[in-house]
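One structure is given below, encoded as structure tokens.
Residue numbers start at 1 and run along the sequence shown. Hydrogens, waters and symmetry mates are skipped; everything else that's a heavy atom, side chains included, is used.
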Amino acid sequence: MDEKRWSGVDLGNVLRAVEDAAPVDAVEAMTRGIGVDLGALSVSFLIADMSGRALVRLAHVPFGDPTGRRRQDEDVATVLPFDGGPQEQALRSQRVQVRPSGNDHVVMAPVTQRGEAIGLLEISLPATPDDTTLAEISRAAHALAFVVIAARRHTDLFEWGQRTTPFTLAAEIQRRLLPSSFTCEAGSFTLAAWLEPAATIGGDTFDYSLARNLLHLSLTDAVGHGVHSALTATLCVGSLRHTRRRGHTLLDQAQAANSALIENPPGGFTFATGLLGRLDLRTGVLAMVNAGHPTPLLVRDGAVQPVALPVDPPFGVLRRGSYRTTDVPLRPGDRLILLTDGMLERGAAHLDLPARLPDLTELHPREVVRVLGDAVLDVAGPTLPDDACMLVLDWHGDHGDDRSTTAGADPHRASAIPYA
């Protein structure tokens with residue numbers, strides 16, 4: 001680009017404009033500042049749809065704008081389903097894409113933080129961008145990720161934009177039980193999780209929390225469907241988090257969750273199965289509790305094997321139920337998969353996970369859960385009879401080493417994905 005016209009993005013000035021704007025205008029303030037500094041013809045932010053299968057272009061327009069798009073007040077959401085094109089490639093591979101458009105050039109840069117693929121920054125430039133320009137755009141896109149994360153604490157705008165299908169009350173409750181990011185990259189591990197909800201909501205949840213030297217994991221499945229199941233899941237997850245945050249042991253978490261469902265059953269007797277884990281990041285030893293839940297799978301050296309765990313009663317079944325921990329030593333290169341029964345039973349049984357998993361070893365966990373989510377919908381959908389939930393953990397070892405990142409993602413662990 002012409003150096004006289006462009007000297008880079010002044011992130012200091014851009015972020016001041018963001019802070020001066022209202023939360024609903026924060027992204028617009030950010031993209032406007034980026035566009036001015038780059039001499040762009042247009043700039044927009046595309047947020048990842050909640051299904052993981054589309055991008056959504058958010059815009060603030062007057063009511064006279066053409067119909068055919070979802071509206072809320074003067075905000076418009078336009079859904080762009082994945083089609084294997086450069087937008088999908090940029091998001092899934094976490095690499096900047098450039099597409100000529102007439103005399104212009106459209107740059108699509110992933111908006112990512114710790115491996116969470118939030119969306120894309122799309123910029124139309126009047127000239128071919130050089131490597132310096134692309135690096136500057138990538139840096140601005142990374143900063144935009146933090147702006148989105150901060151702004152969405154104060155407004156429903158981004159959540160609304162991501163929802164391309166209506167939520168039931170049960171789905172709303174279930175959604176609030178999930179962590180705010182479904183992906184986490186750290187030096188010693190990479191984690192991603194996903195939930196494919198049933199039409200009537202089956203009470204599945206996943207959770208994780210990273211301490212200084214520990215990674216806490218859980219996957220739970222509440223009995224029943226609808227609001228009753230969602231309330232059971234709320235008690236179970238709330239109890240696990242409460243006990244974990246008080247610094248109690250894994251067995252304390254299991255006992256507390258059991259007592260919570262015994263003493264406060266919504267509408268009568270209820271229960272939930274669960275897998276609890278606490279990974280010591282210094283040693284790679286994962287302590288696990290299995291409360292009546294399907295067996296985890298371990299992919300090691302290309303082979304898939306079940307993780308042998310003693311099975312204890314589900315939470316809420318026996319007042320004096322006892323729980324046991326089992327240590328699972330992980331080796332660098334291991335992949336652990338936690339699943340609920342919606343990934344294994346009824347129509348989903350045709351998926352044959354042990355046969356599929358070795359073919360996915362080169363994919364980032366973020367892509368593994370997406371591929372498996374698509375697969376379970378193919379064999380048991382499009383409307384699932386039960387929630388299908390999964391959590392994939394890759395163990396790298398070397399806790400304490402810094403990871404090598406580019407704009408919020410680790411390029412050495414990005415997926416090499418074939419596209420149509």
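- Remark: the backbone N or O of Phe167 is not paired with any side-chain donor or acceptor of Glu172 at under 3.5 angstrom.
- Side-chain contact annotation: Thr112 with Gln94, donor-acceptor N/O pair under 3.5 Å present.
- Using modelled atom types, one finds a donor on one side chain and an acceptor on the other under 3.5 Å when comparing His364 with Glu185.
- Rounding to the nearest 0.5 angstrom, the gap separating the CD atom in Gln253 from the CZ atom in Arg245 is 11.0 Å.
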Practice item. Could you walk me through whether Leu372 and Leu360 pass the side chain to side chain contact (heavy atoms under 4.5 Å, CB included) test, one step at a time? Key: CA-CA 10 Å; Leu372 294 180; Leu360 306 178; 3.8 Å; yes
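- Within 6.0 Å of CG in Asp301 there are 12 or fewer heavy atoms belonging to other residues, nucleotides or ligands.
- With salt bridges taken as basic N to acidic carboxylate O contacts below 4.0 Å, none links Glu88 and Arg53.
- Between Glu122 and Arg57, at least one side-chain nitrogen of the basic residue sits less than 4.0 Å from a carboxylate oxygen of the acidic one, meeting the salt-bridge criterion.
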Check your understanding: Can you list the steps and then say if Asp252 with Arg244 is a salt bridge (charged side-chain N to carboxylate O under 4.0 Å, His left out)?
Key -> CA-CA 8 Å; Asp252 290 336; Arg244 181 189 78 211; over 6 Å; no
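- The backbone N or O of Leu309 sits nowhere less than 3.5 Å from a side-chain atom of Asn290 that would complete a donor-acceptor pair.
- At a threshold of 4.5 Å between non-hydrogen side-chain atoms, the residues Pro266 and Leu235 count as touching.
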Check your understanding: Checking side chain to side chain contact (heavy atoms under 4.5 Å, CB included) for the pair Asp312/Arg324: CA distance, chi angles, key distance, verdict?
Key -> CA-CA 7 Å; Asp312 294 319; Arg324 295 164 286 180; 2.7 Å; yes
Check your understanding: Could you go step by step and tell me if Phe82 and Leu91 meet the side chain to side chain contact (heavy atoms under 4.5 Å, CB included) rule?
Key -> CA-CA 10 Å; Phe82 284 162; Leu91 189 73; 3.6 Å; yes
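- Arg16 has no carboxylate O lying under 4.0 Å from a charged side-chain N of Asp20, or vice versa, which leaves the two without a salt bridge.
- Ring geometry, Phe315 versus Tyr323: the interplanar angle falls from 30° to 60°, so the pair is classed tilted.
- There is no side-chain donor-acceptor pair under 3.5 Å between His216 and Ser209.
- His399 has its side chain within reach of Asn213: a pair of non-hydrogen atoms, C-beta onward, lies under 4.5 Å apart.
- Using a 4.5 Å heavy-atom cutoff, the side chains of Leu55 and Asp49 are not in contact.
- When all heavy atoms of Ala17 and Ala29 are compared, the closest pair comes out as O-CB, 3.9 Å.
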**Study point:** side chain to side chain contact (heavy atoms under 4.5 Å, CB included) evaluation trace for Val107 with Val96
**Key:** CA-CA 7 Å; Val107 180; Val96 175; 3.7 Å; yes
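- Between Glu116 and Phe182 the shortest side-chain heavy-atom distance does not fall below 4.5 Å.
- No more than 12 heavy atoms of other residues, nucleotides or ligands lie within 6.0 Å of CZ in Arg331, so this atom counts as exposed by the packing criterion.
- The main-chain N or O of Leu338 is never found under 3.5 Å from a side-chain atom of His293 such that the two would form a donor-acceptor pair.
- Between the side chains of Asp204 and Gln174, no donor-acceptor pair is found at a separation under 3.5 Å.
- At least one side-chain heavy atom of Trp160 sits under 4.5 Å from a side-chain heavy atom of Leu58.
- Smallest separation of non-hydrogen atoms from Leu318 and Pro313: CD1-CG, 3.8 Å.
- You'll find the side chain of Ile337 stays beyond 4.5 Å of the side chain of Leu391, heavy atoms only.
- A donor-acceptor pair is defined here as one N or O able to donate and one able to accept, closer than 3.5 Å; such a pair exists between the side chain of Thr31 and the backbone of Glu28.
- Under a 3.5 Å cut-off, the side chain of Asp25 and the backbone N or O of Ala21 do not form any donor-acceptor pair.
- Nearest heavy-atom pair, Val9 versus Arg139, reported as atom, atom and distance to 0.1 Å: O-NH2, 3.2 Å.
- A salt bridge links Arg92 to Glu367: one of the charged nitrogens lies within less than 4.0 Å of a carboxylate oxygen.
- Taking the six-membered ring where the residue is Trp, the centroids of Phe189 and Tyr208 are separated by 6.0 Å or more.
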